[in-house]
Amino acid sequence: VGETIEYEVEISESGANAWTNYATTTSRMQRLEHINLNTEYDVRVRTVCSDANSEWNTISFKTKSCTGAGDIDSTTVPNSLLVGDTTTDYCYNGIPVNPYYGYSFTQQIFLAEELANLGTLSSISFENVTDITATRNIAIYLSTTNQGEMSNFIAGNNMLEVFNGSVTFNTGWNTINFSTLYPYGGNGNLLITVIDNTGSYLNTYPEFSVHNAGGNKTMRAQNDYGSYSPAGLPNSGTQYNMRNNIILNGYPCDTNTDNA
């Protein structure tokens, strides 16, 4: 019997029989990293000995989808991603909230390719570019959509309330930590719905930094006579090509798999 020198590890998507060398190691444990989410794989291992090689030993598994809190890599600090353009001086008072009215309903689309691998979202930040402070009672809902632009308000897929409470928008960046983590994981474009049901209006109000989104990715409605609900979308609204600059924090997807 020859002496074990090392182990060869090869990987292929299940059924493809397209084997590529993943690692050559002397360890009996190999951690698989940077592989695709929600994908079935075959992995095979053989022993390289001093006199001959062993037969291949094959196992199969499926990677996580990163659509639940159990799929996040919570051992790391959440990723922070700025989406927008802070080099311009664009600002707007109508999104994410419109305090000039007692009630407002806004939706904004952020494309999946803009969001990298944020995984499970834990907070959002908006930038107040004025020296005016406002306290509003808001609810934030996150969902996904296949739409890339707004033509009407969107119901979204499985709209989830991630925050509901009072927020004071001070000068500068204002971070809203979610009471419920949102399992995004890059599965579609992200739809951010912000509902302001404060019920009172302000004559002077903050304006928030925005950028040109290259298409109508924003829609808003507002009134002074009644509250909004995600269960009943506004019948009409105004489209905009301006979109808030935002900072999203999210735990990266844990795509690593340990196999002996």
Side-chain angles (χ1 to χ4, degrees), residues 1-83 109-124 142-148 156-160 162 178 180-192 247-260:
V1 178
E3 178 185 359
T4 298
I5 299 175
E6 58 193 9
Y7 302 95
E8 292 181 344
V9 182
E10 294 187 348
I11 190 169
S12 169
E13 289 195 15
S14 290
N17 203 32
W19 298 100
T20 58
N21 180 267
Y22 187 88
T24 301
T25 178
T26 58
S27 173
R28 294 175 62 99
M29 181 73 71
Q30 176 62 47
R31 187 169 176 83
L32 303 179
E33 301 178 315
H34 309 300
I35 53 180
N36 294 329
L37 297 173
N38 197 31
T39 303
E40 294 182 355
Y41 285 99
D42 297 326
V43 172
R44 65 183 187 182
V45 181
R46 71 176 177 181
T47 304
V48 178
C49 298
S50 57
D51 58 350
N53 297 336
S54 72
E55 297 294 325
W56 289 104
N57 181 32
T58 304
I59 62 170
S60 300
F61 65 93
K62 185 176 181 179
T63 53
K64 299 172 182 177
S65 62
C66 203
T67 57
D71 297 337
I72 64 175
D73 185 359
S74 58
T75 63
T76 65
V77 175
N79 289 337
S80 181
L81 178 67
L82 169 67
V83 183
I109 294 174
F110 291 84
L111 303 181
E113 54 263 34
E114 297 177 288
L115 302 180
N117 181 23
L118 278 176
T120 297
L121 304 180
S122 59
S123 71
I124 190 171
L142 299 184
S143 55
T144 57
T145 178
N146 293 326
Q147 291 184 219
N157 301 322
N158 302 315
M159 194 176 287
L160 178 66
V162 295
F178 298 155
T180 301
L181 297 178
Y182 181 70
Y184 174 56
N187 298 311
N189 299 327
L190 182 66
L191 179 67
I192 300 176
I247 297 175
L248 287 170
N249 283 327
Y251 292 100
C253 295
D254 183 7
T255 59
N256 301 322
T257 302
D258 289 322
N259 288 284

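For W56, there are no side-chain hydrogen bond (donor to acceptor under 3.5 Å, both in side chains) partners at least two apart in sequence or on another chain. For Q147, the side-chain hydrogen bond (donor to acceptor under 3.5 Å, both in side chains) criterion is met by no residue, not counting sequence neighbours. In this view, S123 and T175, N177, N249 satisfy the side-chain contact (heavy atoms from CB on, under 4.5 Å) rule, not counting sequence neighbours. With sequence neighbours left out, T24 forms a side-chain contact (heavy atoms from CB on, under 4.5 Å) with E6, E8, N21. With sequence neighbours excluded, the residues satisfying side-chain contact (heavy atoms from CB on, under 4.5 Å) with T20 are I11. In this structure, the side-chain hydrogen bond (donor to acceptor under 3.5 Å, both in side chains) partners of D42, at least two apart in sequence or on a different chain, are S14, S60. For L82, the side-chain contact (heavy atoms from CB on, under 4.5 Å) test picks out T86, W173, I247, with sequence neighbours left out.
Of all heavy-atom pairs between T47 and S54, the closest is N-OG, 2.8 Å. Of all non-hydrogen atoms in S12 and A18, the two that sit nearest each other are OG-N, 3.0 Å. Annotation for E10 and R44: closest pair OE1-NH2, 2.7 Å, computed over non-hydrogen atoms. Closest approach of L160 to P183, counting heavy atoms only: CD2-CD, 4.3 Å. The minimum heavy-atom distance between N146 and N189, with the atom names listed, is O-ND2, 3.9 Å.
Side chains of E13 and Y41 form a contact here, defined as non-hydrogen atoms less than 4.5 Å apart. The shortest distance between side-chain heavy atoms of Y7 and Q30 does not fall below 4.5 Å. The shortest distance between side-chain heavy atoms of L142 and F178 falls below 4.5 Å.
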Problem set entry | Stepwise side chain to side chain contact (heavy atoms under 4.5 Å, CB included) test for L181 and L121 | CA-CA 6 Å; L181 297 178; L121 304 180; over 6 Å; no

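More than 12 heavy atoms of other residues, nucleotides or ligands sit less than 6.0 Å from atom CD of E113.
No side-chain donor-acceptor contact under 3.5 Å links T144 to the backbone of G188. Without hydrogens or angle criteria, T180 side chain to V162 main chain gives no donor-acceptor distance under 3.5 Å.
The only option from T120, I192, L190 that meets the side chain to side chain contact (heavy atoms under 4.5 Å, CB included) definition with Y182 turns out to be L190.
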